Amino acid sequence: MSDLLRGLNPEQLAAVTLPPRHALILAGAGSGKTRVLTTRIAWLISTGQAAPPSVLAVTFTNKAAKEMLTRLSSMLPINTRGMWIGTFHGLCNRLLRAHHRDAALPQLFQILDSADQLSAVKRLLKSENVDDEKFPPRELCHFINGQKEAGRRANAVEAWDGYTEKRVDLYAKYDAQCQKEGVVDFAELLLRSFELLSRNEPLRRHYQERFRHILVDEFQDTNVLQYRWLKLLTGGGAAMFAVGDDDQSIYAFRGADVGNMRDFEREFSVRNVIRLEQNYRSHGNILDAANAIIKHNAKRLGKNLWTEAGSGEPIRVFEAWSDLDEARWIVEEVKALSRDGHARAEIALLYRSNAQSRVLEHALFAAGLPYRVYGGLRFFERQEIKHALAYLRLIANADDDTAFARVVNFPTRGIGARSLELLQDAARAAGVSLFAAIPQVAGKGGASLAKFAELIEKMREAAQLPLPELIEHVVELSGLRAHYQTEKEGQDRLANLDELVNAGVNFIAEEGAVGDEGEQTGELRADLASFLAHAALEAGEHQAGEGDDALQLMTVHSAKGLEFNVVFISGLEEGLFPHENATREADGLEEERRLMYVAVTRARQRLYLSHAQTRMLHGQTRYNLPSRFLDEIPAGLLKWLTPKAGKTGFAVSPARPAGSTLGVPTFSPTSRTAPADRGGGFHIGQNVEHTKFGAGVIVNAEGSGSDARVQVNFGAAGMKWLALSVAKLTPA
DNA sequence: TGGGAGTGCTTTTTT
DNA sequence: AGCACTCCCA
């Protein structure tokens with residue numbers, strides 16, 4: 001046990017060994033949050049204060065859950081099986097499977113991922129004859145999920161206008177459709193299990209008495225429903241140990257509510273609030289910069305990171321003329337780092353939005369530097385995989401209309417839109433699923449449909465096979481294999497289908513032996529259902545070239561929780577980072593700033609910041625001012641790799657690489673033409689200063705001589721046309 | 001039924 | 001600009 005606690009700093013030690021009462025741990029970036037969480041569990045168990053089955057630990061991502069399990073099993077000699085450790089969704093799934101009857105769900109209920117949900121909504125709109133221009137399916141999904149995440153069923157939503165009234169109506173119909181089909185979306189997993197526990201008293205008591213220790217990771221990311229779920233489970237006197245960092249809350253846009261941290265403190269009368277402020281990750285200058293940035297936020301619980309490591313290198317800042325130049329500079333810098341012995345995998349390129357990755361990728365590709373992009377399609381989201389899974393879903397539950405619609409005519413088997421329409425009408429009239437309605441249309445040109453039904457029946461007969469063979473069989477029988485064999489680009493898809501069979505093998509090996517809670521009754525293909533749930537809940541790795549030593553490219557959001565020796569944050573421009581959409585929302589800017597804080601604290605040794613004066617975005621060139629976040633870092637921490645404009649009191653042309661062919665027109669308030677003008681002339685892209693509007697950048701110009709006018713983007717003060725002969729414009 | 005042209009959107013994302 | 005999605009025609 002003393003081994004367990006060795007090496008913890010006083011605050012970490014205090015947190016780990018708190019008596020089992022409610023506690024809130026404010027854990028700064030790089031302060032050993034995961035270590036505290038896992039050690040806490042290990043300590044509770046090894047001191048006999050907790051039995052494994054009394055522990056419930058929740059995370060947001062599967063990765064975090066896995067990490068916790070791995071660390072725990074290396075700390076504890078016992079097996080971790082008895083504990084409930086997983087994501088909110090994973091645990092809710094477990095709960096609903098175990099009590100599907102009480103939750104009014106079929107045993108083999110299926111889980112809709114976001115794409116499935118979208119197509120289910122589209123199907124609903126069609127069958128309800130609703131104009132999807134007026135009610136965009138995406139927006140409707142968002143609305144429904146938002147309501148569910150706030151814990152509201154359709155009948156509890158107060159419609160504030162006619163439009164919303166209709167949306168609420170559609171919400172109700174959507175839920176009815178899901179119920180009929182025996183499917184459950186992500187938000188429903190949460191809401192349904194919340195309702196199950198709140199309505200079913202014996203069940204609630206059972207779990208409240210069972211879980212004495214509830215631990216929550218990334219608490220700042222919980223939404224209202226998740227918080228209520230936790231509250232419900234702790235209702236029997238369990239101790240809640242929440243770990244989070246309000247400064248790293250970057251998911252408010254999807255419903256996360258930092259307010260939960262304050263609410264928790266208040267509603268649970270939390271007396272134990274511990275701040276972990278010692279950072280073990282970054283050098284001093286990097287931390288100072290992060291602290292300086294986040295200080296500009298007003299709504300904070302308050303925390304200041306410090307380190308025992310030296311201040312390290314200054315933060316390097318680069319001002320590029322264009323996004324292209326920025327990318328080229330990064331390439332050169334990365335090459336130099338490589339020569340100095342830095343592993344490429346230890347270097348990350350971060351950006352605010354995915355659109356920015358293209359330029360970077362082009363440059364990296366041209367330079368032959370291996371890189372890896374995070375984000376994008378994941379394994380279980382690929383179309384060939386989803387097709388195969390849809391067949392499997394139909395085996396498990398033929399009433400799953402989403403799966404049915406997906407593959408009824410894929411590969412094509414002559415079932416066109418009009419026979420499907422007929423089928424849909426028949427199904428609706430009889431109040432049954434599409435599959436069940438097939439016999440009714442069999443007479444009228446439904447021969448192909450009948451054949452499809454036969455196909456599914458045939459697959460079901462094979463349902464006795466072990467999972468991997470069943471998958472193989474389905475891929476074969478469905479015609480998917482044959483289809484991709486003839487398709488030009490089908491090779492990768494075939495390989496992925498083989499990989500799916502493999503996934504089945506692995507799944508059996510890893511989970512198959514586990515066996516779920518006692519409630520599980522050993523009926524038909526529980527393993528198939530849990531494999532499908534696994535596919536929906538854990539979409540697999542993001543596609544990326546793995547293995548070799550590659551540069552890491554990702555958005556700041558996906559970098560959360562990761563760390564690198566060297567970090568580049570590119571595109572630090574007003575409008576981009578902070579994003580312009582965010583600056584309009586009330587708390588948007590603070591969230592952007594937290595995002596910047598997360599980005600900066602990813603770096604261990606070296607941090608690069610860069611911005612470009614010109615950037616191609618959505619097909620047009622934009623002239624952006626440097627991000628305000630650059631100004632929020634004390635100048636003493638920065639080392640400009642390019643002469644900073646305005647520093648010397650007169651204009652300095654933006655750095656451009658030799659050989660750049662970009663012509664930059666120069667304008668002058670006098671008729672004097674000065675091609676090499678570095679004093680009084682102005683050019684597009686130049687930073688200027690106006691006595692009233694402040695700092696700006698020239699984005700356009702017209703006329704010449706005394707008629708010359710320039711358009712200047714003053715950021716917050718807006719866009720202005722100014723006559724150079726009149727306006728008091730000085731180079732900045 | 002499949003492809004080609006036309007249209008519109010474009011912050012961040014896990015489950 | 002680039003991509004996803006729709007629509008219409010052969």
Side-chain angles (χ1 to χ4, degrees), chain A residues 58-65 86-93 111-119 122 132-133 136-139 141-142 145 148-149 184-191 193 217-218 221-223 225-226 249-256 323 350-359 361-362 374-378 380-381 383 409-418 483 487-488 533-540 542 554-561 571 575-585 588 591-592 594-596 598-599 615-622:
Chain A
V58 210
T59 63
F60 275 85
T61 64
N62 293 298
K63 206 171 134 208
T87 63
F88 277 103
H89 294 85
L91 297 177
C92 289
N93 176 50
I111 298 168
L112 301 183
D113 68 14
S114 330
D116 294 331
Q117 184 187 31
L118 186 65
S119 57
K122 282 181 184 164
D132 59 3
E133 305 257 287
R138 278 180 190 287
E139 201 274 335
C141 278
H142 185 76
N145 293 337
K148 286 190 181 183
E149 277 159 17
V184 158
D185 62 46
F186 285 140
E188 182 73 23
L189 282 172
L190 263 305
L191 183 53
S193 68
D217 192 16
E218 307 273 18
D221 286 337
T222 48
N223 62 33
L225 181 55
Q226 285 159 340
S249 158
I250 55 175
Y251 286 111
F253 73 92
R254 67 171 194 217
D323 48 350
L350 309 185
Y351 34 82
R352 170 70 239 264
S353 63
N354 282 306
Q356 289 166 254
S357 77
R358 183 168 298 121
V359 196
E361 286 188 69
H362 272 302
Y374 286 79
L377 260 200
R378 300 192 299 176
F380 286 107
E381 291 167 1
Q383 62 142 308
N409 198 32
F410 192 97
T412 48
R413 38 177 81 88
I415 300 173
R418 88 201 121 67
H483 176 264
E487 205 180 54
K488 291 186 287 293
H534 164 84
L537 290 175
E538 203 170 329
H542 277 294
M554 64 193 87
T555 62
V556 180
H557 280 93
S558 30
K560 187 173 162 204
L576 246 194
F577 197 0
H579 197 278
E580 55 191 344
N581 295 354
T583 50
R584 286 188 214 117
E585 294 155 27
E591 178 140 325
E592 292 293 301
R594 291 192 292 269
L595 200 49
M596 181 65 184
V598 168
R615 182 176 297 274
M616 214 35 173
L617 203 66
H618 306 326
Q620 46 189 329
T621 309
R622 311 201 346 174

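In the text below, chain A, chain B and the rest are named by the order of the sequence lines, each starting its count at 1. Please read these numbers as outputs of a predicted model, since none were measured by experiment. Any value given below was found using the heavy atoms of this structure, including those in side chains, with hydrogens, waters and symmetry copies removed.
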Between A:Arg352 and A:Glu381, which residue's closest nucleotide on DNA chain B lies nearer the 5′ terminus?
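Its nucleotide being nearer the 5' end, the pick is A:Arg352.
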Starting from the 5' end of DNA chain B, give me the residue, A:Leu595 or A:Phe60, whose nearest nucleotide shows up first.
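First, find each residue's nearest nucleotide; the 5'-ward one identifies A:Leu595.
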Base, sugar-phosphate or nothing for [X]? Non-hydrogen atoms, less than 4.0 Å.
X	result
A:Tyr251	sugar-phosphate
A:Asn354	sugar-phosphate
A:Arg594	nothing
A:Asn409	sugar-phosphate
A:Asn62	sugar-phosphate
A:Gly416	nothing

Any side-chain heavy-atom pair from [X] and [Y] closer than 4.5 angstrom?
X	Y	answer
A:Gln356	A:Phe577	no
A:Thr222	A:Val58	no
A:Lys560	A:Thr61	no

Please identify the 5'-most and 3'-most nucleotides of DNA chain B with any atom under 4.0 angstrom from a heavy atom of chain A.
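On DNA chain B, the outermost contacted nucleotides are B:dT1 to B:dT15.
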Which residues pass the side-chain hydrogen bond (donor to acceptor under 3.5 Å, both in side chains) test with A:Glu580, sequence neighbours left out?
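Expected list: A:Arg622.
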Run the side-chain hydrogen bond (donor to acceptor under 3.5 Å, both in side chains) test against A:Asp113 and tell me which residues pass, sequence neighbours left out.
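Result, side-chain hydrogen bond (donor to acceptor under 3.5 Å, both in side chains) vs A:Asp113: A:Lys386.
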Below 4.0 angstrom, N of the basic side chain to O of the carboxylate: do A:Arg358 and A:Glu361 qualify?
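No, A:Arg358 and A:Glu361 are not salt-bridged.
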Can you tell me, in whole Å, how much space there is between the P of C:dC5 and that of B:dT12?
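It works out to 16 Å between them.
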From CD of A:Gln383 over to P of C:dA4, roughly how many Å is that when rounded to an integer?
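Interatomic distance, CD of A:Gln383 to P of C:dA4: 12 Å.
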Partners meeting side-chain contact (heavy atoms from CB on, under 4.5 Å) with A:Ala187 (sequence neighbours left out):
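So A:Ala187 forms a side-chain contact (heavy atoms from CB on, under 4.5 Å) with A:Asn145, A:Lys148, A:Glu149, A:Asp185.
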side-chain contact (heavy atoms from CB on, under 4.5 Å) against A:Pro411, all qualifying residues, sequence neighbours excluded
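For A:Pro411 the side-chain contact (heavy atoms from CB on, under 4.5 Å) partners, ignoring immediate neighbours, are A:Tyr391, A:Arg413, A:Leu480, A:His483.
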What does nucleotides 5-10 of chain C look like as a protein-contact string, B for base, S for sugar-phosphate only, - for none, at under 4.0 angstrom between heavy atoms?
------
Under 6.0 Å between ring centres, would you say that holds for A:Phe253 and A:His579?
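No.
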